[in-house]
Amino acid sequence: MVRAQSWVMTEHFDGFPKNSDFELKLEELPELKDGEVLLEAVFLSVDPYMRPFSRIRMKEGDVMIGSQVAKVIQSRNPAFSVGSHVVSDSGWRTHTISDGTGLTPILPEWPKDVSLSLALGAIGMPGVTAVYGIEEVLGLQKGETLLVNAAAGAVGSVVGQIAKIKGCKVVGSAGTDAKVAYLRELGFDEVFNYKTVGSLEEALRKASPEGYDCFFENVGGPFSTVALQQMKNFGRIAVCGSISTYNDSTPQKGPYPYFTIIIKQLKMEGFLITRWEHKHPETLKRLLAWVKEGKLQCREHVTKGFENMPAAFMGMLQGENIGKAVVAV
């Protein structure tokens with residue numbers, strides 16, 4: 001018998017999550033049946049989407065949602081050999097029994113000197129999110145100017161680097177001076193700390209006086225309202241996240257920028273990466289190639305210990321991480 005640990009959500013979050021919203025549980029897993037594999041978590045992901053999607057996809061007492069890189073430690077499924085690694089949506093668990101459905105093997109060409117944790121970051125969900133937002137939603141073209149907020153996060157940092165690969169001007173905003181320094185290291189053309197500028201409108205105008213062709217939106221709220229005023233006519237906005245609103249107990253109200261959208265004839269589109277799931281294998285290979293070529297830099301904020309999952313999650317929601325936030329078991 002294998003003893004598995006899991007973190008469950010004891011009650012739906014009311015405002016910002018707190019320690020009492022989580023409970024660590026133990027269970028003994030049964031013997032494997034034919035076609036099943038036993039997975040052992042190696043790295044687990046904490047992501048902003050878990051906060052709003054917990055309300056949509058979970059009921060109280062469920063194991064917290066999320067993905068992980070796991071090692072196959074027992075197998076009665078010929079498609080998954082013992083010792084191989086997969087990406088799994090097993091949630092916050094140390095061990096999981098799976099029939100193989102939904103498991104994504106790590107790319108066979110994965111270099112030995114590249115951490116498997118990147119399969120949860122730049123060569124994983126955040127990376128493909130950046131690619132699809134840029135290519136499928138925005139249709140970003142060489143020479144255009146792109147604005148990305150939460151630019152030092154798991155998605156935003158990849159967005160900016162891909163835009164530079166495509167020959168674009170990139171403006172990024174972040175919430176600490178350390179994050180601003182990191183974005184400069186990545187080659188962003190203009191960066192600023194939105195918390196310390198006197199005027200967000202003036203900071204955006206100074207960074208790109210001619211305006212913005214494209215805006216990769218991760219934040220929502222007041223930032224979005226101001227940024228839309230700086231878009232060029234026929235500008236495009238890819239709405240990936242709205243982290244500024246996720247922990248609100250009372251929904252934010254207005255202002256409503258619809259007249260700006262009309263006058264500037266803007267295109268604003270929300271998206272989920274499942275729309276292009278059929279492209280994942282090819283997209284992951286492209287991301288891995290950029291990493292191997294040194295075109296895509298990947299910083300991680302690593303928390304050690306499965307017992308620290310809630311703390312890592314709450315820290316990520318407070319913006320403690322630069323790059324992808326992961327937990328190493």
Side-chain angles (χ1 to χ4, degrees), residues 13 15-16 47-49 51-57 126 129-141 143-151 153 155-156 159-160 162-163 168-175 189-195 197-276 317 319:
F13 306 123
F16 194 84
D47 299 285
Y49 80 84
R51 174 61 179 85
F53 275 73
S54 65
R55 176 72 64 174
I56 299 171
R57 295 183 178 176
T129 300
V131 170
Y132 300 147
I134 286 174
E135 296 182 350
E136 304 293 340
V137 180
L138 294 176
L140 185 66
Q141 301 298 311
E144 291 189 317
T145 300
L146 170 74
L147 170 65
V148 55
N149 51 17
V155 175
V159 167
I162 293 176
C168 298
K169 176 181 176 180
V170 179
V171 176
S173 73
D189 297 281
E190 300 287 343
V191 291
F192 61 87
N193 183 340
Y194 73 91
K195 292 183 179 179
V197 294
S199 163
L200 178 58
E201 181 179 359
E202 291 178 7
L204 289 170
R205 187 178 293 115
K206 180 180 178 182
S208 182
E210 70 280 6
Y212 299 89
D213 300 285
C214 291
F215 173 25
F216 198 109
E217 166 69 292
N218 291 306
V219 174
F223 190 107
S224 183
T225 301
V226 177
L228 289 184
Q229 307 296 327
Q230 305 293 321
M231 298 299 296
K232 296 181 182 179
N233 290 340
F234 306 104
R236 294 98 70 197
I237 302 102
V239 183
C240 173
S242 183
I243 195 169
S244 71
T245 68
Y246 290 165
N247 296 301
D248 291 344
S249 296
T250 303
Q252 295 181 21
K253 295 182 179 179
Y256 305 106
Y258 305 119
F259 190 65
T260 299
I261 294 172
I262 294 168
I263 292 298
K264 290 179 175 286
Q265 301 183 70
L266 304 178
K267 178 182 178 182
M268 194 170 188
E269 181 178 348
F271 70 99
L272 297 172
I273 62 172
T274 49
R275 198 192 314 181
W276 302 282
L317 290 176

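In what follows, residues are counted from 1 in the order of the sequence shown.
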(Q) Show, in sequence, the C-alpha distance, side-chain angles and deciding distance for Phe192 and Leu200, and conclude whether the side-chain contact (heavy atoms from CB on, under 4.5 Å) test is met. (A) CA-CA 9 Å; Phe192 61 87; Leu200 178 58; 3.6 Å; yes
Any idea which heavy atoms bring [X] and [Y] closest together, and the distance?
X	Y	result
Cys168	Glu144	CB-O, 3.2 Å
Gly139	Gln141	O-NE2, 2.9 Å
Val155	Cys240	CG1-SG, 4.4 Å
Pro48	Leu317	CA-CD2, 4.2 Å
Thr225	Pro255	CG2-CG, 3.5 Å
Val170	Gly160	CG2-O, 3.6 Å

Q. Would you call the rings of Phe53 and Tyr49 parallel, tilted or perpendicular, where under 30° means parallel and over 60° means perpendicular?
A. perpendicular
Q.
Please verify the inter-ring angle class for Tyr132 with Trp276; under 30° counts as parallel, over 60° as perpendicular, anything in between as tilted.
A. tilted
Is the backbone N or O of [Y] less than 3.5 Å from a side-chain atom of [X], with the two atoms forming a donor-acceptor pair by type?
X	Y	result
Glu135	Gly133	no
Thr245	Ser242	yes
Asn149	Asn218	yes
Arg236	Met268	no
Tyr194	Ala150	no

[atom1] of [X] to [atom2] of [Y]: how many Å apart, nearest 0.5 Å?
X	Y	atom1	atom2	result
Leu146	Ile134	CG	CD1	6.5 Å
Lys169	Tyr212	NZ	OH	7.0 Å
Lys264	Gln230	NZ	CD	7.5 Å
Ile237	Glu217	CD1	CD	9.0 Å
Phe16	Arg51	CZ	CZ	9.0 Å
Phe215	Ser224	CZ	OG	5.0 Å

**Q.** Residues Glu201 and Ser199: side-chain donor-acceptor under 3.5 angstrom
**A.** no
Q) Do Gln229 and Thr260 meet the criterion of a side-chain donor-acceptor pair at a distance under 3.5 Å? A) yes
Q: Would you check, one step at a time, whether the test side-chain contact (heavy atoms from CB on, under 4.5 Å) holds for Phe234 with Leu266?
A: CA-CA 5 Å; Phe234 306 104; Leu266 304 178; over 6 Å; no
Q. Does CZ in Arg57 sit with more than 12 non-hydrogen atoms of other residues, nucleotides or ligands closer than 6.0 Å?
A. no
Q) More than 12 non-hydrogen atoms from neighbouring residues, nucleotides or ligands closer than 6.0 Å to NZ on Lys232, yes or no? A) yes
Q | CA sep, side-chain torsions, deciding dist, call: Val171, Asp189, side-chain contact (heavy atoms from CB on, under 4.5 Å) | A | CA-CA 6 Å; Val171 176; Asp189 297 281; 5.7 Å; no
Q) Would Ser244 and Phe223 satisfy side-chain contact (heavy atoms from CB on, under 4.5 Å), going step by step from the backbone distance to the final call? A) CA-CA 9 Å; Ser244 71; Phe223 190 107; over 6 Å; no
